2 protein chains.
Amino acid sequence: MSLLKKKVKTMEELSQVINISRPTLSKYFHDAQSVREKTRAKIEEALEHYDYRPNIYAVNQNRRLTKTIGIVVPYLADPFFAEIARNIETRCIDAGFAPSLFSSHGQPDQEIDILDNLRSVKPAGVLLAPLGRISNVREVERFCRDVPTILFDSNISDLGEAFVGSDNYSFVSQSVKYLCDTGEPPCFFEMRTPANPNANKRREAYIASMAEQGCEANVIKIEGEGWDFEEIGYGGALKALEEHTLSTNTVLCSNDRLAIGFLAACYEKGLRVGAGTGCSLRVASHDDHPYSRFTCPPLTTVAHDYESVSSSSVKTLIQLIESGGRLPNRTEQRFPARLVRRMSA
Amino acid sequence: MSLLKKKVKTMEELSQVINISRPTLSKYFHDAQSVREKTRAKIEEALEHYDYRPNIYAVNQNRRLTKTIGIVVPYLADPFFAEIARNIETRCIDAGFAPSLFSSHGQPDQEIDILDNLRSVKPAGVLLAPLGRISNVREVERFCRDVPTILFDSNISDLGEAFVGSDNYSFVSQSVKYLCDTGEPPCFFEMRTPANPNANKRREAYIASMAEQGCEANVIKIEGEGWDFEEIGYGGALKALEEHTLSTNTVLCSNDRLAIGFLAACYEKGLRVGAGTGCSLRVASHDDHPYSRFTCPPLTTVAHDYESVSSSSVKTLIQLIESGGRLPNRTEQRFPARLVRRMSA
DNA sequence: GAAAAAATTTTACGCGCGTAAATTTTTGTT
DNA sequence: AACAAAAATTTACGCGCGTAAAATTTTTTC
């Protein structure tokens with residue numbers, strides 16, 4: 001079918017074979033409803049017989065606004081970000097935009113490189129999940145001044161036109177309460193110097209939640225840099241188990257990837273994890289990572305509201321775009337999380 | 001520093017403040033070595049004081065060839081593809097290209113949409129890991145005729161100018177030999193209708209390898225569609241364990257993600273997996289998925305030569321680009337794999 | 001040191017399309 | 001049916017840059 005269509009290179013040519021002016025065609029492609037019905041019929045009939053695609057470079061050179069939306073995540077090899085990126089991508093397409101996905105791969109200079117390239121793409125807007133603590137904040141700020149940007153997942157105060165993410169307090173208060181209600185109060189297992197600002201919020205929420213429960217907080221900080229969280233969690237867990245630094249039989253990990261490493265270490269040490277009899281340790285965590293269902297035992301965790309976060313991110317961005325790139329005031333939206341009970345605690 | 005630079009919008013303006021002609025500047029940006037040294041010095045000195053970025057849309061409209069490389073993978077939420085995409089991305093950047101990453105999300109129509117969009121981007125070349133069996137082969141073929149494309153990971157015969165991937169026989173012969181040498185010969189655990197063509201190659205290799213070892217082959221086909229391999233593996237394993245359809249104590253999974261599901265089912269059933277005493281089952285697999293180190297027990301698997309596959313993919317594509325989009329004959333490159341012994345077998 | 005050759009720069013034109021302003025056609029009113 | 005108002009179409013121009021061909025400068029040759 002489409003193989004038989006004659007290729008037409010330019011809008012000019014097409015306008016000639018169809019016997020209307022090129023600008024009318026241009027209008028049609030911009031908004032099919034803006035031309036008279038008879039003209040539209042002629043155009044669409046011609047489109048059946050000719051294979052024509054507007055030159056996006058010529059289009060974008062002249063249009064004030066591109067239809068591109070940049071999506072930047074800190075680490076795409078993390079299935080959590082892959083999943084949320086997929087969700088956001090789909091919503092952008094449905095809204096008539098062309099999403100363009102980038103990963104900083106955990107490196108601040110890569111993040112800036114991406115933003116620099118993005119700048120010359122002149123995107124309608126950008127959804128940015130920044131690296132966090134290690135981000136080059138000055139450069140990111142400079143970018144946000146030039147391009148309508150909305151932060152998601154990780155907040156950096158005052159950067160971007162809005163923030164959309166999850167409510168870390170909601171995560172931790174639920175996990176702490178659940179663990180306290182069903183057994184010993186948990187210690188908190190985290191990296192000493194986490195790149196992600198959510199980690200700090202979660203620690204604070206842990207301390208506050210423990211106080212609410214009338215329990216004493218105990219934070220275990222493990223060493224390690226970078227994004228190999230499983231490896232870091234594994235190493236830290238081995239050390240903690242060998243040195244018996246755990247003050248309780250219940251461990252609450254800052255995030256699921258650390259917990260996955262923790263569980264691997266427990267298995268290696270022959271420790272049975274879970275709430276049942278014969279178990280020596282309970283482990284819980286936060287994020288509802290795509291793999292947390294398949295750990296051994298399956299991980300009790302607190303789930304992001306993926307749908308709400310991605311939906312709201314895209315909605316807010318489109319609103320931002322429609323109001324010309326600036327919002328009256330910077331809003332911060334945080335969605336509550338949901339406890340997912342599995343076998344590990 | 002850069003905040004003080006005066007913004008210059010067009011090459012024209014820049015050429016005026018620097019007092020040379022615009023085309024000379026154009027030459028400089030295309031190839032800095034192509035202008036006289038004194039001129040170059042003048043330009044680079046000006047670039048210190050003025051903030052100018054060429055308009056990529058104007059550039060790409062006029063250049064015969066874009067510097068964009070399209071990378072298309074079937075499922076980015078699979079860390080295997082995320083990892084190989086990252087590797088390839090980096091190599092493209094190092095080679096002076098601008099990679100653009102897309103995921104088909106397991107859907108054939110999405111794959112075609114991506115290729116359609118890619119077509120109007122006029123990329124210098126495309127690295128495509130197709131969905132496989134479910135791909136719309138006719139449309140993919142049409143794309144390959146228009147755009148210089150190299151297939152990787154999954155081969156579709158005669159499509160694209162070349163194929164780069166892993167040698168499935170190398171994977172399976174090693175795992176089968178190892179398992180036979182160290183215990184009972186394995187049965188083969190796979191999806192009944194896998195989308196990925198590598199799965200078929202692996203089954204054939206399993207049967208051939210078992211024959212070589214003088215053992216009888218036994219293939220267990222489980223139900224399930226889509227890309228939720230862990231879930232499918234988990235469900236299939238539960239069924240197989242409950243119905244006692246396993247003819248041996250050794251299971252070789254087609255890929256690591258199925259194995260992750262299999263291990264979860266074993267844990268749930270209270271079966272201890274491994275080669276040691278007290279273990280009732282050995283499980284091994286293929287791919288060396290990023291998470292296979294952290295399963296319980298850690299997964300014995302066979303590793304892709306990630307580096308070679310991605311390096312060769314990019315090299316072959318650049319060679320293709322430099323020879324003007326066509327290669328004398330379609331080559332197929334397959335890299336051998338490497339056995340990784342862990343605790344599961 | 002003058003003429004020829006080579007390297008560099010400039011002139012001139014076009015890429016494919018968006019869009020304001022001018023023109024034409026259609027619609028609505030009396 | 002005549003005319004004004006509204007809607008659609010066309011004319012005319014420009015976007016920022018690549019590039020062939022022409023003009024200039026620099027280097028080489030004897």
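Every chain is numbered from 1, with letters handed out A, B, ... down the list of sequences. What you see is a predicted model, and the numbers here were worked out from it, not measured in a lab.
- For B:Gln33 and C:dT8, the CD to P distance is 11 Å, given to the nearest whole Å.
- B:Lys67 forms a cation-pi arrangement with B:Phe97, by the criterion of a distance under 6.0 Å to the ring centre and an angle within 45° of the ring axis.
- Listed by chain and number, the residues in a ring-ring contact (aromatic ring centres under 6.0 Å, His included) with B:Phe163 amount to none (sequence neighbours excluded).
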Contact pattern, 5' to 3', of nucleotides 15-20 of chain C - B, S or - by protein heavy atom under 4.0 Å:
BBBBBS

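- With rounding to whole Å, A:Asn19 atom CG is found 13 Å from D:dT9 atom P.
- Rounded to an integer number of Å, the gap from CD1 of A:Ile43 to C1' of D:dA8 is 12 Å.
- Regarding B:Glu37, its CD atom lies at a distance of 14 Å from the C1' atom of C:dA7, rounded to whole Å.
- As rounded to whole Å, 14 Å separates atom C1' of D:dT10 from atom CD of A:Gln16.
- Of the possible polar contacts, none joining the A:Arg133 side chain to the A:Pro197 backbone as a donor-acceptor pair under 3.5 Å is found.
- Look at CZ on A:Arg36: it is 6 Å from P on D:dA8, rounded to the nearest Å.
- A donor-acceptor pair shorter than 3.5 Å can be found between the side chains of B:Glu44 and B:Tyr28.
- Between B:Arg138 and B:Glu141 there is no salt bridge, since none of the side-chain N atoms of the basic residue sits less than 4.0 Å from a carboxylate O of the acidic one.
- Going from atom NZ of B:Lys38 over to atom C1' of C:dT9 covers 14 Å, rounded to whole Å.
- Ion pairing of B:Asp116 with B:Arg119 is present here, as a side-chain N (NZ or NE/NH1/NH2) and a carboxylate O approach within less than 4.0 Å.
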